[in-house]
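Everything on this sheet refers to the single structure shown next.
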Amino acid sequence: MSSKIIVTCNGSELSWVSVLVRKSLDEICHYVEVTLPLFERDNVHKHDTIQVRYKNPLLTDHGGERPVTTVLVDEVGDDTDSQSAAFTVTGRSAARDIIDSTWSGIIAGNPNLLTIVQTIAGEFGIEAMHMPTNENGTKAVYSFSWENESPWTKLLTEADAQGYILTSNQIGNLYLWKPATGIRKEGFKIVEGETGTKIRRVENGAEQFHEYTVNCCGLTATVTDPTCRNKRKFTLNLSDFVMDQEKINRRAKTEMLRRRENRIVATVPEWGLSDMQIKALGSTFQKEIFWEVNFLIPVKIPSAGVSGKMLVSQVEYKADAKSVSCDITLVNPEGYR
């Protein structure tokens, strides 16, 4: 393996002990947890910018380096009694500042969803872009306002109603894109039995309900989940939104599909493509080399009876002095479409 993981703080490279990066379709911000040696303590402080980078001489673009994620430091914690001679830094994407802020505002004139996201993000120096970048399929929003609150929940609700997801990108800005739009061409796939790949099936019913009801604008949508053999009910009241029956129906269905879905977690021995796969790409310009959320990929796991396309809903990149690996969570794409 010819790759190297680099951690920087405000642009200056740091020594590190371990790195964890989590990206999820269900969490707008990326999460980073870095353990650093104590001699770096004076070089990292709350609200600093931490960037995790990937260096590989096989990359033909960006000088052989690419950012994996960029976050702002939430917490620096060190234990003076610790024998480990290390301390821990945690952080989230810049979108944390929008989520955590509360204020009042209105965006008038029937703007489209992308314009709304760009306007709010711009207040915090964050860029927002549609993926693919040369398109904008978002629709006009009749009314968008918020009162002494964060507009974040309303943004996510409107994005979901239009069939979009909103998530942070590698440099700390925002992506607005359709989920599961097509199979990646770079060769990402999960096949049981491949060297270094471990498969774990997760069947979790803790957040699953039998009946889901969504109320909004005097309209109601209810769906039932026959796979959940209990009487639990989930009700979501969306006030201050303008939604038609079709959007309300969709929200009820996606709530049910996401909460009932069995998941597969695959652990692979890289953060992305192997050196051999990167070489096969030739030029790496405008090609993805990392495992990322919202990838639709071929999956073949005979022991779980799975053979088809699945959606990457979460990735966890891990690294320490001995190993580099990635946990990839796979779900049925229907829950996000």
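Just so you know, these numbers come straight off a predicted model, no measurement behind them.
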Over all heavy atoms of both residues, which pair between [X] and [Y] is shortest? Give the atoms and the distance, please.
X    : Y    : value
I98  : S150 : O-OG, 3.1 Å
R92  : D74  : NE-OD2, 2.6 Å
L59  : G64  : CD1-O, 3.6 Å
T224 : M256 : O-CE, 4.3 Å
A128 : L114 : O-CD1, 4.3 Å

Non-hydrogen side-chain atoms of [X] and [Y] separated by less than 4.5 Å:
X    : Y    : result
N332 : L311 : no
E288 : R66  : yes
P302 : E192 : yes
V52  : I5   : yes
V7   : I50  : yes
S15  : P37  : yes
W177 : P132 : no
V68  : K23  : yes

What's the separation between atom [atom1] in [X] and atom [atom2] in [Y], rounded to the nearest 0.5 Å?
X    : Y    : atom1 : atom2 : result
T167 : Y175 : OG1   : OH    : 10.0 Å
L72  : H47  : CG    : NE2   : 9.0 Å
E207 : C228 : CD    : SG    : 12.0 Å
R201 : R263 : CZ    : CZ    : 13.5 Å
T220 : I248 : OG1   : CD1   : 7.5 Å
N215 : M243 : CG    : CE    : 11.5 Å

Cluster question for you: counting only ILVMFWY and a side-chain heavy-atom cut-off of under 4.5 Å, with indirect links fine, are L156 and V117 together?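 In one cluster with L156: V117, yes.
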In terms of hydrophobic clustering (I, L, V, M, F, W, Y; side-chain heavy atoms under 4.5 Å; direct or indirect links), are Y31 and V76 co-clustered?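 Looking at the clustering, V76 is in a separate group from Y31.
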Using the side-chain contact (heavy atoms from CB on, under 4.5 Å) definition, which of the options V331, I328, V306 pairs with I264?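 Checked V331, I328, V306 against I264; only one passes side-chain contact (heavy atoms from CB on, under 4.5 Å): V306.
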Determine the sole option in D327, I297, L273 for which the side-chain contact (heavy atoms from CB on, under 4.5 Å) test with W291 is passed.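 Single pass found, and it is I297.
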Mark yes when over 12 heavy atoms from residues, nucleotides or ligands other than [X] sit less than 6.0 Å from its [atom1]; otherwise mark no.
X    : atom1 : value
N148 : CG    : yes
K139 : NZ    : no
H62  : NE2   : no
E127 : CD    : no

Between [X] and [Y], is any side-chain donor less than 3.5 angstrom from a side-chain acceptor?
X    : Y    : value
H130 : Y164 : yes
Q208 : D225 : yes
E40  : N43  : yes
E33  : T88  : no
T213 : T222 : yes
T60  : T284 : yes
Q51  : Q170 : no

With under 30° as parallel and over 60° as perpendicular, where do the rings of F209 and F234 fit, or are they tilted in between?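 Rings of F209 and F234: tilted, 30 to 60°.
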Hey, mind stepping through E158 and K247 against salt bridge (Lys or Arg N to Asp or Glu O under 4.0 Å) and telling me if it holds? CA-CA 9 Å; E158 184 59 42; K247 291 180 178 179; 3.8 Å; yes
For [X] and [Y], indicate whether the former's side chain and the latter's backbone hold a donor-acceptor pair under 3.5 Å.
X    : Y    : value
E149 : E147 : yes
N110 : S143 : no
K4   : N56  : no
N112 : A140 : no
R250 : D160 : yes
S93  : A95  : no
S101 : D97  : yes
T119 : T115 : yes

Run V191 and E194 through side-chain contact (heavy atoms from CB on, under 4.5 Å) and show every step you take. CA-CA 6 Å; V191 178; E194 285 193 341; 3.8 Å; yes
Just checking W103 against F124, ring centres under 6.0 Å apart?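 For W103 and F124, the ring centres are under 6.0 Å apart.
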Taking the six-membered ring for Trp, are the ring centroids of Y317 and W271 within less than 6.0 Å of each other?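 Between W271 and Y317, which both carry aromatic rings, the centre distance is below 6.0 Å.
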Identify whether the distance between the nearest side-chain nitrogen and carboxylate oxygen of K253 and E334 falls below 4.0 Å.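 No salt bridge links K253 with E334.
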Check ion pair R251-E255 (N to O, under 4.0 angstrom):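 Salt bridge present between R251 and E255.
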Working for side-chain contact (heavy atoms from CB on, under 4.5 Å), residues T49 and T70: CA-CA 7 Å; T49 299; T70 307; 3.6 Å; yes
Using the salt bridge (Lys or Arg N to Asp or Glu O under 4.0 Å) rule, take K46 and E75 through it: C-alpha gap first, then chi angles, then the decisive distance, then the call. CA-CA 6 Å; K46 60 185 178 182; E75 182 178 283; over 6 Å; no
Applying side chain to side chain donor-acceptor pair (under 3.5 Å), run through R53 and T8 and close with a yes or a no. CA-CA 8 Å; R53 302 183 63 82; T8 65; over 6 Å; no
